[in-house]
**Q** 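Take a look at the following structure, please.
On a predicted model such as this, the values are computed, not experimentally measured, just so you know.
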Amino acid sequence: MKLRKYLMGAALAAGALAAATAGQAQDYPTKPITIVAPFPPGASTDTSLRVLLPKMSEVLGQPLVVDNRPGSSGTLGAAHVARSAPDGYTLVWSVNAPFTLAPYSLKNVPYDTKKDFRPVGWAASAILGLAVHPSLPVNNVQELIDYAKANPGKLKFGSAGIGSAHHIAGELIKKEAGIDMVHVPYPGGGPAIADLVGGHIMVSFGTLPALIPHAQNNGLKILAIVEQQRYSKMPDVPTVAETIPGVGIATWVGLMAPAETPDDVVAKVNDAMNQALKDPAVQKQYEAFGLEVKGGTPEELGAKIDEELVTFKDLFPAIGIE
């Protein structure tokens, strides 16, 4: 009898918890939402998010607050979200580095991408560029290769951190072109580009939102983009692959939530993101930043993550990243 009463009590408690969770999801959101950007201000994650927030806030009816938590290739900010309550009030807006690159390039990553997060939406593709300081006497990728070969080990290239897409791009170029450059990791793309403009390093990779404003002010030269195809909005800029075949890496920007976040909450945030991405003003700013608007379902981002986890598992050892 006591066991029966216990089981009945447990069932009632579970039912009450499920009902409460469903009720919370139905009413969501009832307070401000924090979105963690795991890279410094000025990075593509920061600028692209701030453009989107006013429209998302309008759709959701609550303020959305940016919380910049840079460090360890984005894993510090991502870890904070993984440990947060799965109620939709703490999300992370990021490029792919903390989720599909870090597991193979950093030791002791404090979360499991598949187990600790669930995708909310793929917002855009961030085009990665290869840039140099204006004082460096090169104007294209071949000239950069020739200069590096004539000055082995003297060039330093900046990245958004160990295991970032920037880092992978540099190591791929080094391997395929047979050149020696010294990798200098930064806590994000913004600081790397700041040091490039300041002349502290001569080469860096960065997403176009971080590169374009400085290129317009002659603070740096964009030599190429690190994609397999030319970017349609900048058709005169060649790809690295046109000089070094096969070198290219894609970077996505999207929203992730803690793993147990309710379906209804994920659906509401996804809808708000997609509505914001359809806004002409947002699209115009994304285009100016060099971001290709994507949008879509959580499942589409999940499939992209699965694909990259397989691809990078094999790629990293091949280019000497452990």
Side-chain angles (χ1 to χ4, degrees), residues 35-53 66 68-74 77 92-98 101 123-134 136 141 144 156-170 173 183-227 230-231 233-234 237-240 248-254 282-294:
I35 302 186
V36 172
F39 293 96
S44 60
T45 43
D46 182 73
T47 54
S48 59
L49 175 58
R50 292 180 190 275
V51 167
L52 212 60
L53 290 192
V66 180
N68 290 100
R69 289 177 177 260
S72 297
S73 299
V92 57
W93 174 271
S94 179
V95 291
N96 50 351
L101 308 182
S125 294
I127 309 299
L128 193 66
L130 166 61
V132 298
H133 190 268
L136 195 67
V141 175
L144 177 63
K156 298 177 180 179
F157 79 91
S159 80
I162 295 173
S164 63
H166 310 59
H167 182 198
I168 295 172
I173 290 174
H183 175 225
V184 182
Y186 289 82
I193 300 308
D195 262 14
L196 175 65
V197 173
H200 302 293
I201 55 176
M202 289 291 108
V203 183
S204 188
F205 296 87
T207 52
L208 293 185
L211 296 178
I212 289 174
H214 296 293
Q216 292 172 337
N217 293 324
N218 299 316
L220 55 80
K221 295 185 289 188
I222 301 176
L223 299 187
I225 60 169
V226 195
E227 297 276 337
R230 292 196 180 196
Y231 177 41
K233 306 301 180 183
M234 298 174 65
V237 179
T239 66
V240 172
I249 185 166
T251 302
W252 52 261
V253 183
V282 169
Q283 292 187 350
K284 185 176 181 180
Q285 286 185 283
Y286 268 39
E287 180 179 322
F289 286 157
L291 292 170
E292 289 187 308
V293 173
K294 180 70 176 179

**Q** Apply side-chain contact (heavy atoms from CB on, under 4.5 Å) to residues Phe157 and Leu130 and explain how you reach the verdict.
**A** CA-CA 10 Å; Phe157 79 91; Leu130 166 61; over 6 Å; no
**Q** Verify, without hydrogens or angle tests, whether Lys221 (side chain) and Leu136 (backbone) share a donor-acceptor contact under 3.5 angstrom.
**A**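 The answer is yes, because a donor-acceptor pair under 3.5 Å joins these two groups.
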**Q** For Asn68 and Val66, which heavy atoms make the closest approach, and how far apart are they?
**A**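 Shortest heavy-atom contact: OD1-CG1, 3.8 Å.
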**Q** Step by step, work out the side-chain contact (heavy atoms from CB on, under 4.5 Å) result for Val237 and Tyr231.
**A** CA-CA 8 Å; Val237 179; Tyr231 177 41; over 6 Å; no
**Q** Work out which heavy atom in Ile249 is nearest to a heavy atom in Ala169; give both atom names and the distance.
**A**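 Minimum heavy-atom separation between Ile249 and Ala169: CG2-CB, 4.3 Å.
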**Q** Considering non-hydrogen atoms only, spot the tightest contact between Gly189 and His166 and give its length.
**A**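 So the two residues come closest at CA-NE2, 4.4 Å.
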**Q** Nearest 0.5 angstrom please: Leu291 CG to Lys233 NZ, how far?
**A**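 Separation between the atoms: 12.5 Å.
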**Q** Given side chains that start at C-beta, do those of Ile35 and Leu53 come closer than 4.5 Å, heavy atoms only?
**A**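 Counting from C-beta outward, Ile35 and Leu53 do come under 4.5 Å.
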**Q** So, for Phe39 and Ser94, which heavy atoms are closest and what is the spacing to 0.1 Å?
**A**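 Scanning both residues, the minimum pair turns out to be CE1-OG, 3.9 Å.
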**Q** Show the nearest heavy-atom pair for residues Val226 and Gly129, with the distance to one decimal.
**A**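 Where Val226 meets Gly129 most closely, the heavy atoms are CG2-C, 4.3 Å.
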**Q** Taking atom CG of Asn96 and atom CH2 of Trp252, what is their separation to the nearest 0.5 Å?
**A**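 The CH2 atom of Trp252 is 5.5 Å from CG of Asn96, to the nearest 0.5 Å.
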**Q** So do the side chains of Met234 and Ile212 get within less than 4.5 Å of each other, counting heavy atoms only?
**A**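 In contact.
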**Q** May I ask you to test the Val293-Val282 pair for a side-chain heavy-atom distance under 4.5 Å?
**A**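 They are not in side-chain contact.
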**Q** Answer yes or no: is there a donor N or O on one side and an acceptor on the other, between the side chain of Ser72 and the main chain of Gly74, under 3.5 Å?
**A**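 No; zero donor-acceptor contacts below 3.5 Å.
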**Q** What donor-acceptor contacts under 3.5 angstrom involve side-chain atoms of residues 193-210, with partners at least two apart or in another chain?
**A**
{"from": "Asp195", "atom 1": "OD2", "to": "Tyr186", "atom 2": "OH", "distance (Å)": "2.7"}
{"from": "Ser204", "atom 1": "OG", "to": "Gly158", "atom 2": "O", "distance (Å)": "3.2"}
{"from": "Thr207", "atom 1": "OG1", "to": "Ser44", "atom 2": "OG", "distance (Å)": "3.4"}

**Q** If you count heavy atoms of other groups shown closer than 6.0 angstrom to NZ of Lys156, is the number above 12?
**A**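 No.
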**Q** For Pro98 versus Val95, what's the shortest heavy-atom pair and its separation?
**A**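 For Pro98 versus Val95, the nearest heavy atoms are CD-O, 3.3 Å.
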**Q** Find the distance between OG (Ser125) and CD (Glu227) and round it off to the nearest 0.5 Å.
**A**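 Here the interatomic distance stands at 7.5 Å.
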**Q** Could you go through Ile162 and His183, starting from their C-alpha distance and side-chain angles, then the distance that decides it, and tell me whether this counts as side-chain contact (heavy atoms from CB on, under 4.5 Å)?
**A** CA-CA 9 Å; Ile162 295 173; His183 175 225; 4.1 Å; yes
**Q** Going from CD1 on Ile222 to CG on Leu211, what distance comes out if it is rounded to the nearest 0.5 angstrom?
**A**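 It is 5.0 Å, given to the nearest 0.5 Å.
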